[in-house]
Amino acid sequence: MIGSGFGNISIMTRSLAWAIICFLVLPITVVFAVSVTDRHYLSLPESGVSFQYYRNLFGSGPWLTSILQSFVIACASTAVAVVAGTLCAIGCWRLGSRASDLVRMLMLAPIMVPTIVYALGIYQFWIDLRLLDTYAGLIIAHAVTGIPYVVITVSTALAGFDPRLEQASLSLGASMGQTLRLVIIPNIMPGVVSGLIFAFIHSWDELVLALFIAGRAVFTLPRRMWDGINESLDPTMAAVAAVLIAVTVSLLCADAYVRSRRGS
Amino acid sequence: MLGPSGSGKTTLLMMIAGFVQPDRGGIHLGGQPITHLPPEARNFGMVFQGYALFPHLSVFDNVAFPLKVRRRPRAEIEEKVKAALDLVKLTTQSQRLPRQLSGGQQQRVALARALVFTPHLLLLDEPLSALDKKLRAELQEELKRLHRKLGLSFIYVTHDQDEALSMSDRIVVMSDGRLVEQGTPLELYDRPRTAFVADFLGKSNFVRGRVESHVEGGFVFSGGGARFMQQIRDAKPDIGSGVTVALRPEKLSILAPGAESDNRLSGVVREWNYFGSEFRILVDTPSCGPISVALPAWNAGVSPEVGQSLELGWSAGAGMEVQEA
């Protein structure tokens, strides 16, 4: 159905669209080529394809520790962000007043303020709270910066939610808690899942905060990549990047799948 | 509850349901104040405009919802949901999702869901407005049947006067956020007290004038240079005071030459329409402006023509004295 309109598009428009897609996607594909290089520095493969750096990645303690740390932090901060962001979006939607617009704006602040400014602020704050270089410190920071994504996607889902369903549920004797659990959440699930995926990706590849407030005990994957690029041009980095891209793409595919299943 | 759109009937229903808090006054059910109760504690069934079925739940789960949130045992839920679906003749479709059903079927599910927990009261907000005419008539009959069978009070909001007349035991007419008049359909149609109800519930012509003299059981008033006789309603109006008399189009007749009548009014046919069962004729009268007349087609006596002069007549008891605004 979507394809039926393509016949009318001129060749100009079509080639421009493809050029932009290539511009966006091609640099990423280079990473895959580099990750299978047979040489000792970041370069394209010369005489053959080698998976030594993948072996290196999955056989090395520090890299695996970082992947595990990043995963734990991403999961925990996503859980916090999804619960807080969903409740916030539902609260704003129910109030529906000027004040709630303001709250929603405020919730978006973490992605409007430059991350580096934000990271500096958190750094100062975390010194006093003794949260520097702890899981809790990074999880909280990632959760707060992940909330906006959840608020946006859940608010969008709520915009298409018929408020009469809530009234119907209440009139049928359900408490507000039951209405939330049995009626509102199931109907905005696609928005919640999208928010969850975005919040996870956000934490998974977040570098600036990790640079400022962690460094020794907590050493996330992006942080290790950053150090790796600064210190040595180890092609393991490309292998890591390839793995990261694969994870991200599969998450986005999951998101698209959830949406399409809901839409049908 | 009947009224034009924007008259506040849905808002009033929402107050009864508990979704809107009144600024002043209270709501009582059987003598008990319920104003402070939240909607979920009122135990009122409600059928919404557009049905508001839960799109993610099957027909069965939609109907079971009020019982599940009340934590009834599973066997009881099964049994009651079956009975409710039986009541609205929908037993075979219980595993479908709402979007797989037709409008009429969705309406029945909404009804079953609102009745399954034996509510104290059933509230219906223009439940049939989205359906076509034939289906609407069918469901009207079914609602009346259910009403008789269950012996439960229904509060039914509509802007359709025919629906209100044919389905109600009592009608409350609203306009501009106010209750204008209430009574049985017969009282409101036959003896409206206000010009608004006389014109909104069916159509009316209005003859206005000043009282000239009192006669036995009635009074004479004059308007636009003509004199009319009118039966009294409650008390004789003061001589010299203004009166408005509402005249149903079907209570007017066309007088044969030389026929006797309490009131007569001559005019010229401006336009006429044929509706199968009746003629509707619009007559321009010099003293009272345009007057509309409905005549049973089989017994019209004349076949109307534009520009034809004729004389209208009605008895002193046919008109109804009403209050303006």
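Here is the naming used below: chain letters follow the sequence lines, and residue numbers restart at 1 for every chain. This one's a predicted model, so the numbers in the text were calculated from it and none came from an experiment.
- Side-chain contact between B:Pro98 and B:Asn62 is present, with at least one heavy-atom pair separated by less than 4.5 Å.
- Contact residues of residues 155-165 of chain A toward chain B are A:Arg164, A:Leu165 (heavy-atom distance under 4.5 Å).
- Salt bridge annotation for B:Glu138-B:Lys134: absent, with no cationic side-chain nitrogen under 4.0 angstrom from a carboxylate oxygen.
- Listed by first and then second residue, the side-chain hydrogen bond (donor to acceptor under 3.5 Å, both in side chains) pairs involving residues 115-126 of chain B are B:Thr10-B:Asp125, B:Glu126-B:His159 (not counting sequence neighbours).
- A 4.5 Å side-chain heavy-atom check between A:Thr115 and A:Thr145 finds every atom pair outside the cut-off.
- Of residues 193-207 of chain A, no residue lies under 4.5 Å from chain B by any heavy-atom pair.
- By the 4.5 Å heavy-atom criterion applied to side chains, A:Leu108 and A:Ile152 are counted as neighbours.
- Residues B:Leu128 and B:Tyr156 have side chains in contact (heavy-atom distance under 4.5 Å, counting atoms from C-beta outward).
- Salt-bridge annotation for A:Asp101 and A:Arg104: present, with a side-chain N of the basic residue lying under 4.0 Å from a carboxylate O of the acidic one.
- At a 4.5 Å heavy-atom cutoff, the contact between A:Ser169 and chain B is made by backbone and side-chain atoms alike.
- Environment of CE in A:Met105: sparse, with no more than 12 heavy atoms of neighbouring residues, nucleotides or ligands closer than 6.0 Å.
- Residue A:Gln178 touches chain B through its side chain alone, counting heavy-atom pairs closer than 4.5 Å.
- In this structure, no portion of B:Leu67 lies under 4.5 Å from any heavy atom of chain A.
- The CG atom of B:Leu165 lies 10.5 Å from the OG1 atom of B:Thr158; values are rounded to the nearest 0.5 Å.
- Tested against A:His142, the residues A:Leu138, A:Ile140, A:Ile139 include a single side-chain contact (heavy atoms from CB on, under 4.5 Å) partner, A:Leu138.
- Of residues 20-45 of chain B, those residues with a non-hydrogen atom less than 4.5 Å from any non-hydrogen atom of chain A are, in numerical order, B:Pro39, B:Glu40, B:Phe44.
- The shortest side-chain heavy-atom distance between B:Ser58 and B:Ser94 does not fall under the 4.5 Å cut-off.
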